There are 2 protein chains.
Amino acid sequence: MEENNILESVSAQLSAYLTSKKLRKTPERFAILEQIYNMNRHFDVDTLYEIMQASGYRVSRATVYNTVDLLVECNLIVKHQFGTNMAHYEKAFNTDNHFHLICTNCNNVIEVKDEDLNNQLKSRKFKNFEVTGYNLYIYGLCNKCSAKDRNNTIHN
Amino acid sequence: MEENNILESVSAQLSAYLTSKKLRKTPERFAILEQIYNMNRHFDVDTLYEIMQASGYRVSRATVYNTVDLLVECNLIVKHQFGTNMAHYEKAFNTDNHFHLICTNCNNVIEVKDEDLNNQLKSRKFKNFEVTGYNLYIYGLCNKCSAKDRNNTIHN
DNA sequence: TTTACTGCAAATATTTTGCAATATC
DNA sequence: GATATTGCAAAATATTTGCAGTAAA
């Protein structure tokens, strides 16, 4: 599916959700969704807020927080807590089949696809628990940082 | 291994780490480690602080934060961010082979063991990334909350 | 016209930091 | 005796909340 169709599709999804919950279709909500789907990496609320400002669209932080919560509720984005205090988010459309490698030294996050592992996790059932999603976080040292380690360089 | 031996073992581990890093063996550090290993569930810093107070051992919040960071560094405890802003921690001794089911309605966390899945994750290698650990978080509705859902009960 | 939503600012929650006093090595 | 660590309080960071004004239905 090409870019524009994805945007149309997620906007329609949001629209349907708002209708079903009797919530309002405000321009802010669609503008934020659009901005998110134009980005290619995960983001935090503050970054999203600043990108909106920079792009000329004025919204308040409170609205960004509210909208991001809403988009999580209707499964258009996924929330992550990679180990810092700040929540990170990413698009949920066709991106549910990857994991995150998190460098505990530089906090960089790398995405990894693995269909086999993904299928296995998806097929796993649990007693008395209705699974809606999962996150696999793999911690360690990235290329750069483990190289630094080997050279005994001091890093912060 | 019985309770006392575990405590001895983890204290020795901490002691060795402090020596190797030329850090000081303060009573606070060992008291906090002991308290943690006497508990049976994951905890947040504030809860740990209050349990220390209640048990009659006076430490400052700052020291609890510092010590918890230290214990993460030397692999005696593991840090989690279950989706809220508050970090959670748990013992790392012989407890690295389970996952967490997180109820997105009541925020309750259930532990699940699965040796097969664990072994598979452990054996998985990644290019240019040196794995030190991982966390698998499975989100959904627990027994109680999906029952509520079926009954159409309003819940917060 | 009703009331959900927005923006702003203040409040809250969690964690970090600066600094003087203390205790380990 | 040198300095790492502690406790306390203030600061920093991230998020939530209250409320008056605005706009969607």
Side-chain angles (χ1 to χ4, degrees), chain A residues 11 14-35 42-53 56-74 77 79-89 104 107 154 156, chain B residues 11 14-35 42-53 55-74 77 79-89 104 107 156:
Chain A
S11 294
L14 174 57
S15 197
Y17 181 82
L18 294 172
T19 303
S20 78
K21 296 279 179 179
K22 294 200 192 347
L23 302 172
R24 292 183 180 171
K25 299 188 179 65
T26 66
E28 288 83 357
R29 287 173 172 170
F30 289 93
I32 292 169
L33 178 66
E34 183 164 347
Q35 186 56 255
H42 36 78
F43 56 90
D44 54 72
V45 171
D46 207 61
T47 306
L48 177 57
Y49 170 76
E50 274 167 17
I51 289 174
M52 298 290 299
Q53 302 303 103
Y57 197 100
R58 285 270 299 98
V59 257
S60 67
R61 266 200 178 69
T63 297
V64 178
Y65 273 104
N66 286 338
T67 304
V68 151
D69 279 355
L70 179 76
L71 296 177
V72 168
E73 268 170 44
C74 64
I77 65 176
K79 180 177 180 176
H80 293 285
Q81 299 264 172
F82 288 135
T84 63
N85 312 323
M86 201 173 25
H88 284 75
Y89 301 85
T104 50
N107 288 317
I154 293 156
N156 37 6
Chain B
S11 294
L14 173 57
S15 198
Y17 182 81
L18 294 173
T19 302
S20 78
K21 296 278 179 179
K22 295 200 191 349
L23 301 172
R24 290 183 181 171
K25 300 188 178 66
T26 66
E28 288 83 358
R29 287 172 172 170
F30 289 93
I32 292 169
L33 178 66
E34 183 163 348
Q35 186 55 257
H42 35 78
F43 55 91
D44 55 71
V45 170
D46 207 60
T47 306
L48 177 57
Y49 170 77
E50 275 167 16
I51 290 174
M52 298 289 300
Q53 302 303 102
S55 80
Y57 197 101
R58 287 269 301 95
V59 255
S60 66
R61 268 201 176 68
T63 297
V64 177
Y65 274 103
N66 286 337
T67 303
V68 151
D69 279 356
L70 178 78
L71 295 177
V72 168
E73 268 170 45
C74 65
I77 65 176
K79 181 178 180 176
H80 294 285
Q81 299 264 170
F82 288 134
T84 64
N85 310 323
M86 201 172 27
H88 284 75
Y89 300 85
T104 51
N107 288 318
N156 38 5

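These figures come from a predicted structure and were not determined experimentally. Within every chain, numbering begins at 1; the chains are lettered A, B, ... in the order of the sequence lines, protein sequences first and strands thereafter.
The distance from atom CD of E50(B) to atom C1' of dT14(C) is 14 Å, rounded to the nearest whole Å. E28(B) places its CD atom 14 Å from the C1' atom of dC8(D), with the value rounded to the nearest Å. The CG atom of N85(A) sits 9 Å away from the C1' atom of dT16(C) (whole-angstrom rounding). One atom, CG of D46(B), and another, C1' of dA13(C), lie 10 Å apart when rounded to the nearest Å. In this structure, F30(B) atom CZ and dT24(C) atom P are separated by 12 Å, rounded to whole Å. Distance, Y49(B) OH to dT15(C) P: 15 Å, rounded to whole Å.
Salt-bridge formation is detected for the pair R61(B)/D46(B): a Lys NZ or Arg NE/NH1/NH2 atom is positioned less than 4.0 Å from an Asp or Glu carboxylate oxygen.
Not a single donor-acceptor contact under 3.5 angstrom links the side-chain atoms of R29(B) to the base of dT5(D).
In this model, the phosphate group of dA4(C) is not approached by any side-chain N or O of T26(A) to a distance below 4.0 Å at OP1 or OP2. The shortest distance between the side-chain N/O atoms of R61(B) and the OP1/OP2 oxygens of dA13(C) is not below 4.0 Å. For dT6(D), the OP1/OP2 oxygens have no side-chain nitrogen or oxygen of S60(B) closer than 4.0 Å. At the phosphate of dT16(C), neither OP1 nor OP2 sits under 4.0 Å from any side-chain N or O atom of Y65(B).
In summary, the side chains of N66(A) and T63(A) do not present any donor paired with an acceptor at a separation below 3.5 Å, with no hydrogens or angles considered. Of the N and O atoms on the side chains of Y57(B) and E28(B), not one donor lies less than 3.5 Å from an acceptor on the other residue.
No more than 12 heavy-atom neighbours from other residues, nucleotides or ligands sit within 6.0 angstrom of NZ on K21(A).
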